[in-house]
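Some notes on the structure that comes next.
Protein chains get the first letters and strands the later ones, always in sequence-line order, with residue 1 at the start of each. As the structure is a computational prediction, the values presented were derived from the model and not from experiment.
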Number of protein chains: 2
Amino acid sequence: MDNLSKNQQIIFDLIDKSPEPLKAYTILFNVQKKGIKAPLQVYRALDKLVEIGKIHKIESRNAFIACHNSRCQVAKATAFSICEICEKVTEISSAGLSKYLANFKDKDGMKYSKYNLEFFGLCKKCR
Amino acid sequence: MDNLSKNQQIIFDLIDKSPEPLKAYTILFNVQKKGIKAPLQVYRALDKLVEIGKIHKIESRNAFIACHNSRCQVAKATAFSICEICEKVTEISSAGLSKYLANFKDKDGMKYSKYNLEFFGLCKKCR
DNA sequence: TTACACAATGTTATATTATAACAATAACTA
DNA sequence: TAGTTATTGTTATAATATAACATTGTGTAA
């Protein structure tokens with residue numbers, strides 16, 4: 001189950017090599033030469049890759065980034081920093097943050113093992 | 001600057017009265033009788049309302065909810081819990097959480113005053 | 001007041017993001 | 001090797017969001 005299908009592999013490779021998050025239709029454009037011709041083929045692969053934790057969706061940008069953090073693969077507990085100028089996105093891998101959020105209880109005492117956190121600010125270069 | 005324009009007020013009222021987050025085209029449908037006929041009129045009002053902190057966008061759902069938390073109005077630092085079954089969304093107002101996230105530093109020592117956090121789980125009723 | 005600046009509106013068209021529905025094929029498993 | 005499930009291919013369409021341009025309203029300062 002760790003083996004990706006053909007389309008999944010093609011699309012994962014593209015995202016994994018990209019220095020920036022990729023949008024679905026950018027991906028589509030880039031894999032058309034490899035025979036993936038329809039949006040749905042892209043979205044299906046993306047869905048699966050998200051499901052198994054190989055990539056994450058940056059919700060505020062409708063874009064996808066490869067996971068480089070073993071911590072989030074199972075938990076689907078993700079955190080990113082996003083530069084509001086250059087749009088650089090970095091996955092945050094902080095044991096302290098993960099721990100804090102995983103243990104956070106709401107007013108009803110409810111805990112949440114799944115979450116998505118997006119920080120916004122300026123990256124080193126843009127500051 | 002605290003006074004909303006006509007369209008902004010109409011759309012804010014609708015969102016504010018709604019027990020659940022509303023999507024842009026649901027809003028459009030509901031305000032057509034009040035003379036707001038085009039998507040752009042809705043999106044412009046939504047943009048403004050988000051900008052001034054009267055509403056928030058639930059990014060993972062492409063939906064909008066009224067703010068009931070004075071804390072986030074300035075900071076644009078928001079947190080929500082989302083039920084994965086009934087889609088109920090609740091804004092989280094926790095001084096501890098706000099403080100922790102506002103003071104969180106990434107690997108480069110960078111702090112972020114803007115963030116959006118979405119917790120996923122099951123609400124009381126759906127558990 | 002009046003002119004200026006700026007915010008908000010109205011309108012048409014279109015771009016972008018995502019899914020429905022159905023048929024066929026490949027891969028895994030009992 | 002039949003049955004099951006995942007994956008693929010394809011066409012069409014739904015859902016979300018913005019571009020471009022013309023017009024109207026609103027606040028403010030001379």
In this structure, how many angstroms lie between the [atom2] atom of [N] and the [atom1] atom of [X], rounded?
| X | N | atom1 | atom2 | value |
| --- | --- | --- | --- | --- |
| B/Glu51 | C/dA8 | CD | C1' | 13 Å |
| A/Gln41 | C/dA21 | CD | P | 19 Å |
| A/Leu28 | D/dT8 | CG | C1' | 15 Å |
| B/Leu22 | D/dA15 | CG | P | 16 Å |
| A/Ile10 | D/dT7 | CD1 | P | 14 Å |
| B/Leu46 | C/dT9 | CG | C1' | 15 Å |
| A/Gln9 | D/dA6 | CD | C1' | 16 Å |
| B/Gln32 | C/dT11 | CD | C1' | 14 Å |

Fill in: A/Lys111: which of A/Asn103, A/Asp106, A/Leu101 passes side chain to side chain contact (heavy atoms under 4.5 Å, CB included)
A/Asn103
Item to complete: Could you go through the salt bridge (Lys or Arg N to Asp or Glu O under 4.0 Å) check for A/Lys88 and A/Glu20 one step at a time?
Response: CA-CA 6 Å; A/Lys88 178 178 165 64; A/Glu20 62 196 3; over 6 Å; no
Practice prompt. Take B/Leu97 and B/Leu117, measure what side-chain contact (heavy atoms from CB on, under 4.5 Å) needs, and give me the verdict at the end.
Written response: CA-CA 10 Å; B/Leu97 179 63; B/Leu117 170 59; 4.0 Å; yes
Just N and O in the side chain of [X]: are any of them under 4.0 Å from OP1 or OP2 of [N]?
| X | N | answer |
| --- | --- | --- |
| B/Lys34 | C/dT9 | no |
| B/Asn7 | C/dA7 | no |
| B/Lys6 | C/dG10 | yes |
| A/Ser5 | D/dA6 | no |
| B/Lys37 | C/dG10 | no |

Please list, pair by pair, any protein nitrogen or oxygen found under 3.5 Å from a nitrogen or oxygen in nucleotides 23-25 of chain C.
none

Worksheet item: In terms of hydrophobic clusters joined by side-chain contacts under 4.5 Å, are B/Ile27 and B/Phe12 together?
Response: yes
Practice prompt. Mind running side-chain contact (heavy atoms from CB on, under 4.5 Å) on A/Thr26 and A/Phe29 for me, showing each step along the way?
Written response: CA-CA 5 Å; A/Thr26 303; A/Phe29 179 80; 5.8 Å; no
Item to complete: Apply side chain to side chain contact (heavy atoms under 4.5 Å, CB included) to A/Ser60 and list each qualifying residue two or more places apart in sequence or on a separate chain.
Response: A/Ile58, A/Ile82, A/Glu118, A/Phe120, B/Glu59
Worksheet item: Would you say the side-chain atoms of A/Glu51 pair up with the backbone N or O of A/Lys48, donor to acceptor, closer than 3.5 Å?
Response: no
Which atoms of nucleotides 14-20 of chain C (N or O only) lie under 3.5 Å from a protein N or O atom, and what are those distances?
residue, atom, partner, partner atom, Å
C/dT17, OP1, A/Lys23, NZ, 2.3
C/dA18, OP1, A/Lys57, NZ, 2.7
C/dA18, OP2, A/Tyr43, OH, 3.1
C/dA18, N7, A/Tyr25, OH, 2.8
C/dA18, N6, A/Tyr25, OH, 3.1

Worksheet item: For residues B/His68 and B/Glu91, is any side-chain donor paired with an opposing acceptor at under 3.5 Å?
Response: no
Item to complete: Look at the rings of B/Tyr115 and A/Phe119 and say which category their plane angle falls in: under 30° parallel, 30 to 60° tilted, over 60° perpendicular.
Response: perpendicular
